[in-house]
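These notes concern the structure reproduced below.
Both ligands and their constituent atoms are indexed starting at 1 by order of listing.
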Amino acid sequence: MTDRVILATRNAHKVDEVRRILAAHRLDVEIVPLPDDAPDVPETESTFAGNALLKARAIAEITGMPAIADDSGLCVDALNGMPGVLSARWAGGHGDDAANLELVLGQMADVPDGRRGAQFVCAAAWVVPGEREQFVEGVLEGTLARAPRGTNGFGYDPIFVPGGYALTTAELRPEEKDAISHRGQAFRALAQVMASR
Ligand code: IMP
């Protein structure tokens with residue numbers, strides 16, 4: 001029987017990515033989008049794992065259904081790991097991708113090529129109400145470009161060049177990004193945990 005799991009996000013890009021990743025893993029789960037009337041769960045923790053668990057727990061409790069949630073972001077070496085858990089609201093307004101990207105580019109303007117290292121990090125949590133909680137993490141190492149390139153993906157993709165690649169993650173095809181991405185790694189690990197339930 002197909003399990004139904006709520007994905008605790010309003011980001012349609014993330015829903016697509018997670019569906020694609022779990023389907024590629026042949027996991028028999030139906031990903032149910034967050035109901036419109038579900039409250040927003042503020043990300044108040046200081047770690048990606050803490051926020052992913054916070055969101056999955058809250059949505060599992062409200063709906064009574066198994067829930068998965070992720071928290072992800074960009075950690076820039078030259079910015080001491082920032083924007084980190086503040087990635088979605090780095091420029092102030094939540095989810096203003098263009099403003100966030102421009103702000104990071106400006107902050108990195110004088111940083112030389114050898115010190116432009118960064119990581120995409122994703123924590124994914126799975127909560128089955130009254131039964132179990134689990135979280136996993138994925139990390140994609142890379143460097144930051146000096147100008148945006150590419151139109152795929154979202155957020156900081158146009159300036160993130162994965163290690164060993166010449167293209168940004170916004171220039172990779174979606175399946176190519178999934179194969180190496182922080183979210184791909186985290187959700188493939190989560191799929192294994194869910195499959196062994
Ligand atoms: P979240 O929805 O709280 O996990 O916020 C994630 C934020 O981190 C997004 O709004 C993006 O700014 C950034 N981010 C996370 N994953 C990615 C990615 O795969 N590509 C580009 N930006 C990402």
Side-chain angles (χ1 to χ4, degrees), residues 6-21 33-34 38-59 67-76 79 81-108 118-126 135-145 147-163 165 167-188 190:
I6 291 204
L7 181 59
T9 182
R10 297 200 190 283
N11 182 332
H13 289 284
K14 278 194 189 175
V15 177
D16 287 349
E17 283 198 12
V18 171
R19 278 206 177 117
R20 238 179 11 243
I21 292 161
L34 196 58
D40 280 329
V41 182
E43 297 175 349
T44 51
E45 294 290 325
S46 59
T47 62
F48 295 112
N51 280 327
L53 268 171
L54 185 81
K55 286 189 282 187
R57 276 184 195 138
I59 298 303
I68 54 183
D70 84 329
D71 193 34
S72 56
L74 177 74
C75 300
V76 180
L79 302 178
M82 293 286 116
V85 293
L86 302 175
S87 291
R89 55 203 128 121
W90 191 232
H94 192 281
D96 188 343
D97 282 358
N100 289 336
L101 184 149
E102 282 308 318
L103 182 55
V104 169
L105 268 186
Q107 290 165 328
M108 294 294 290
Q119 301 83 41
F120 271 144
V121 180
C122 176
W126 175 48
F135 75 87
V136 292
E137 245 180 22
V139 178
L140 177 61
E141 296 280 349
T143 54
L144 294 186
R149 299 194 319 254
T151 52
N152 292 333
F154 66 102
Y156 302 94
D157 279 326
I159 55 168
F160 189 88
V161 180
Y165 286 72
L167 302 178
T168 67
T169 41
E171 293 175 303
L172 295 179
R173 281 184 286 115
E175 309 74 46
E176 289 177 314
K177 179 184 170 190
D178 293 348
I180 57 169
S181 79
H182 50 317
R183 194 165 297 101
Q185 294 174 40
F187 277 94
R188 279 190 293 275
L190 199 66

Answer yes or no: is there a side-chain heavy-atom contact under 4.5 Å between [X] and [Y]?
X      : Y      : result
Phe187 : Ile68  : yes
Ile6   : Leu34  : yes
Pro148 : Leu105 : yes
Arg188 : Ser181 : no
Asp71  : Lys55  : yes
Val41  : Arg57  : no
Asp70  : Arg183 : yes

Find all atoms of ligand 1 within a distance of less than 4.0 Å from any non-hydrogen atom belonging to [X], and give their numbers and elements.
X      : value
Phe120 : 17 (C), 18 (C), 20 (N), 21 (C), 22 (N), 23 (C)
His182 : 16 (N), 17 (C), 18 (C), 19 (O)
Glu43  : 3 (O)

Can you report which non-hydrogen protein atom sits closest to [atom], along with the distance?
atom                    : result
atom 16 (N) of ligand 1 : Arg183 NH2, 2.8 Å
atom 2 (O) of ligand 1  : Lys14 NZ, 2.8 Å
atom 21 (C) of ligand 1 : Phe154 O, 2.9 Å
atom 19 (O) of ligand 1 : Lys177 NZ, 2.7 Å
atom 12 (O) of ligand 1 : Tyr156 CE1, 3.0 Å

Does Asn100 reach ligand 1 with a nitrogen or oxygen that is under 3.5 Å from one of the ligand's nitrogen or oxygen atoms?
->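 By distance alone, the answer is no.
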So is Asp70 polar-close to ligand 1, meaning N/O to N/O under 3.5 Å?
->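 Between Asp70 and ligand 1, no N or O pair is found under 3.5 Å apart.
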Look at atom 6 (C) of ligand 1 and find which of Ala88, Ser72, Gly184 reaches it with the closest heavy atom.
->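 Closest candidate by heavy-atom distance is Ser72.
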Heavy atoms from other residues, nucleotides or ligands near CZ of Phe135 exceed 12 (cutoff 6.0 Å) |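 No - once you tally the heavy atoms of other residues, nucleotides and ligands closer than 6.0 Å, there are 12 at most.
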For ligand 1, note which part of Trp90 has a heavy atom under 4.0 Å away: side chain, backbone, both or neither.
-> neither
At a 4.0 Å cut-off, with the gap strictly under it, does some heavy atom of Asp157 reach an atom of ligand 1?
-> yes
Where the side chain of Glu102 meets the backbone of Ala99, is there a donor-acceptor pair that is under 3.5 Å apart?
-> no
